[in-house]
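Side chains included, hydrogens not; waters and symmetry mates left out as well; all remaining heavy atoms used. Order of appearance sets the numbers: ligands from 1, and atoms from 1 within every ligand. Here the structure is a predicted model, which is why all the values come from computation and not from measurement.
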Amino acid sequence: MLKIINGRVHDPANGVNGAVRTIAVKAGRIVAEAELDSSAKTIDARGMLVFPGGVDMHAHIAGPKVNAARKMRPEDHRRATPIRRTPHTRSGVMGSTPSTFATGYTYARLGYTTAFDAAVPPLGARHAHEELEDTPVIDKGFLVLAGNNEFVLDCLKGGELEKLRHFVAWLLDAAKGYGIKAVNPGGVEAWKSGGGNVTGLDDVVPGFGVTPRQILVALAQTTLDLGLPHPLHVHANNLGMAGNWATTLETMKALEGRRAHMAHVQFHSYGGEPGALPTSRVADLVEYVNTHDNLSVDVGQVMFGDTTSMTGDGPLGYYLHEVTHRKWFNGDVEMESGCGIVPIKYRHRSHVHTTQWAIGLEWFLTMGDPWRIALTTDHPNGGSFLAYPEIIRLLMDREYRKEACRAVNQKALAKTRLADLDREYTLDEIAVITRAAPARLLGLADRGHLGPGAHADIVLYDDTGPPGATFANPRVVIKAGAVIVEDGEVRRDVRGQTLYVEAAWDRAVLPAIEKWFSDFYTIQFDNYPVDMVYLSHPARVPTTR
Ligand SMILES: [Zn+2]
């Protein structure tokens, strides 16, 4: 039992905005103070801010492409300061794609207690679970890629929406995933079947005769019909291309009336002609999102520096390689998806990179409802999650932001609205976009807040100093009621939970799935069930929900 007293509590989900409150913890959960007895340990948080643990709803921390990126960039690991072994913790390497142990400890040291990998191919699920098992402290889970899955496309081709629903439920169940993601729907399949792509919502996917629009709408509806906690997670077509804002707007309109989450929306907000310099079209898109509450976004903020782009969008990886001339990895084509990995360095002087940086900040500063926007860098695509405190400072401190604007490409900056935006985020709004909103958008009712029944994931920050330093150095991080981090040091190693959904499906769909696997992968199912393709070590299947 634990009692945190005298701290200024920021718990926007429960309407607490900086009031001094006592937070009581029993058996890993937040409880009413009356439930504690005299044996409760007390933490005096005078001069500190009390926040719920951070929730990262879109990052890349496990799965085949994360591993490929780890192997592909030894120079990146070598440059970074490694995490040394301590009596409590394992060692690990850092850089833009840290090892599993380093990922868990580093998130915890930042005050993040839950993080989701946004894109795991179902065939890579088993390994992704093994990695998540090795990612300490934080709770975690992943979204399963489905937007280019041949079985999905086959169902749509035949108009078999009920079969699709059972398949998606089976897929989640077999892969032990938390939600469904569509990455460049139809485009990755086009890439795999001849090096092409799709360029708009009504292009036809070769071999299937279906369109990205059909895939999006059917998967969005399927997630709703299944009652999944998180709606369809959308990586729209034409990511990164000048002029793609029109595709993004059309995608949002196609989803009208259905809940959906638009991932890393910064990368989808570009005006200009294809092949020319991108411009900002945030104003058009944010106006649409502000007036359509079925949609939520995470930003995918770009930060200057060296990082690794990794995406399930195979043709995009190739495009980035062509633009940057840097080494390139194309993979997962044998799975139900694809992927591309390219190192990237975002430069202050670059017109394109400055535009991307400003577009991300424009999204934060013009979005009306903070409950429908989450802070992400699409780690590591726009930058590492280690950049979150710096982003918070840019949002909270107008003068600091103006200073930062002086260091970037002025021509590019002048074509955005960033210099005119005076908004400053409050501490409460920061609590919303870094924990309360992402938890709510993911459908995690017992995370992202400090009300009775919530997981006792709590962070204490110093109440003084610039916000960047405050949020980079939590004084105390508590996970499930246990003090894990004190004054920047991980004092205790614990295992978080893997979160996944249990969706109901009809066994009648199994023969069709087995036939599909047999046709595409020449697998025989005489001796074991088809689920074992994904998770053939039952002992490694997460035991918690
Ligand atoms: Zn991503």
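Inspection of the environment of the Zn ion (ligand 1) yields the following protein N, O or S atoms under 2.8 Å: His58 NE2, His60 NE2, Asp378 OD1.
A pairwise comparison of heavy atoms in Ala125 and Phe142 identifies CB-CZ, 3.9 Å as the closest pair.
His264 has its ring centre less than 6.0 Å from the ring centre of His58.
Residue Arg423 qualifies as enclosed at atom CZ: its count of foreign heavy atoms under 6.0 Å is above 12. In this structure, Glu273 places its CD atom where only 12 or fewer heavy-atom neighbours from other residues, nucleotides or ligands lie under 6.0 Å away.
Checked for salt-bridge contact, Lys345 and Asp306 miss the test: no charged N lies under 4.0 Å from a carboxylate O.
With hydrogens and angles disregarded, a donor-acceptor distance shorter than 3.5 Å links the side chain of Asn244 to the backbone of Phe267.
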